[in-house]
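Notes to accompany the following structure.
By convention in this document, chain letters (A, B, ...) are assigned in the order of the sequence lines, proteins followed by strands, and residues within each chain are numbered from 1.
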Number of protein chains: 2
Amino acid sequence: MKKVLDRCEVVCINHEAVNRVREKMLDEEVIRSIADIFKALGDPNRVKIIRYLAQEELCVCDLAQLLGMSLSAVSHQLRALRSRRLVKFRRQGKIVYYSLDDAHIVDLFNQCLDHVTHD
Amino acid sequence: MKKVLDRCEVVCINHEAVNRVREKMLDEEVIRSIADIFKALGDPNRVKIIRYLAQEELCVCDLAQLLGMSLSAVSHQLRALRSRRLVKFRRQGKIVYYSLDDAHIVDLFNQCLDHVTHD
DNA sequence: AGAACACTTGAACAATTGTTCAAGTAATAA
DNA sequence: TTATTACTTGAACAATTGTTCAAGTGTTCT
């Protein structure tokens, strides 16, 4: 009878490396925040919204026209961006104008753009 | 009897603004690539993988240990990162070592980190 | 006050994603 | 050659996401 179990958990791990990199790991909450920002930007329609709003503020109706989406769908996407503090809005009469809440997002966007259009 | 329909499609749109921003929109494919990169980074486990690999190359087993995930789950996530060319691997005997494929990703990561830990 | 406009919201539903499980592959060891 | 190790892969399944639809705000106009 041979020993069974306790295989991979013990055998192949490089403990020094594991302990080394573990020390520099960020807090769980920071990791979640980072993933959350990236996730918010991880949809073509939201990428377009960011790109449009990077140029100038626009109302929901204009965005819907530009994106070829329903008002409702755009509003839902804006809500996602709003809750992550990526966009903000101001109301002027009946019209709601959205704009970027944070200039840093444009930097993040542009850096990704550089990467994609491989420099 | 009043006119019905053709409401929002015609009424509230600011045509000048729409045309202005539309001119500077990127190609559909570029948009998709950008969204795809962000989406790949939009998961806490993959964010951690990037963070770990930014320090040094690691085998799948070490990553599984660090993440508290099964080998299979880690392998699937690495596949997602691999297909986007965010990580690469080399095989040494039975062990497969993963590392970052592109230093730019670390810049993107760090910029997002700066944003999250609000500068 | 009532009607119209420019949205917002919640529920429902399809599509996508992440994990597990079982089976498969490539390399080394016995 | 067979067994073992270190993964990889495909199918299945639950959880999450994005859209639509219907109903609801808040503001202006009449």
Between the protein and nucleotides 8-13 of chain D, list the N/O to N/O atom pairs that are separated by less than 3.5 angstrom.
residue: dT8(D); atom: OP1; partner: Y98(B); partner atom: OH; Å: 2.8
residue: dT8(D); atom: OP2; partner: S75(B); partner atom: OG; Å: 2.6
residue: dT8(D); atom: O5'; partner: S75(B); partner atom: OG; Å: 3.4
residue: dT9(D); atom: OP2; partner: R82(B); partner atom: NH2; Å: 3.2
residue: dT9(D); atom: O4; partner: S72(B); partner atom: OG; Å: 2.7
residue: dG10(D); atom: O6; partner: H76(B); partner atom: NE2; Å: 2.8

Check your understanding: Phosphate oxygens OP1/OP2 of dT17(C): is one of them under 4.0 Å from a side-chain N or O of Q77(B)?
Key -> no
Check your understanding: Is it true that I13(B) and Y97(A) fall in one hydrophobic cluster, defined by side-chain heavy atoms closer than 4.5 Å?
Key -> no
Review point. Is a salt bridge present between R85(B) and D102(B), judged by a nitrogen-to-oxygen distance below 4.0 Å?
Key: no
Check your understanding: Going by heavy atoms closer than 4.0 Å, what residues in residues 27-44 of chain A are next to DNA chain C?
Key -> none
**Study point:** Pairwise distance CG(L41(B)) to CD1(I105(B)) - rounded to 0.5 angstrom
**Key:** 6.0 Å
Point to revise | Close side-chain approach of V30(B) and D27(B), heavy atoms under 4.5 Å | key: yes
Review point. Any Lys/Arg nitrogen of E28(A) or K48(B) sitting under 4.0 Å from an Asp/Glu carboxylate oxygen of the other?
Key: yes
Practice item. Take atom CZ of R90(B) and atom C1' of dC7(D), then tell me their distance rounded to the nearest Å. Key: 15 Å
Practice item. Report, as yes or no, whether the 6.0 Å neighbourhood of atom CZ on R22(A) holds more than 12 heavy atoms from other residues, nucleotides or ligands. Key: yes
Practice item. For the side chain of K94(A), starting at C-beta, report the closest nucleotide among dT28(C), dT19(D), dC5(C). Key: dC5(C)
Point to revise | Separation of atom CZ in R46(B) from atom C1' in dT17(C), rounded to whole Å | key: 8 Å
Exercise for review: Rounded off to whole Å, could you give me the CD1-to-C1' distance for the I95(A) and dC29(D) pair?
Suggested key: 14 Å
Point to revise | Separation of dT27(D) P from Q92(A) CD (nearest whole Å) | key: 13 Å
Review point. Has the side chain of T117(A) got a donor or acceptor atom that lies under 3.5 Å from a matching backbone atom of L113(A)?
Key: yes
Check your understanding: Would you call K39(B) and D43(A) a salt bridge, taking side-chain N to carboxylate O under 4.0 Å as the test?
Key -> no
Check your understanding: dG18(C) P sits how many Å from M69(B) CE, rounded?
Key -> 10 Å
Review point. Do R90(A) and Q92(A) have side-chain atoms, one donor and one acceptor, less than 3.5 Å apart?
Key: yes
Exercise for review: Report the distance from atom CG of N45(B) to atom P of dT17(C), rounded to the nearest whole Å.
Suggested key: 16 Å
Point to revise | Whole angstrom value for the distance that separates P of dA6(D) from CD of Q65(B) | key: 13 Å
Revision key, fill the gap. Atom CG of L67(A) and atom P of dT20(D) are separated, to the nearest Å, by 12 Å
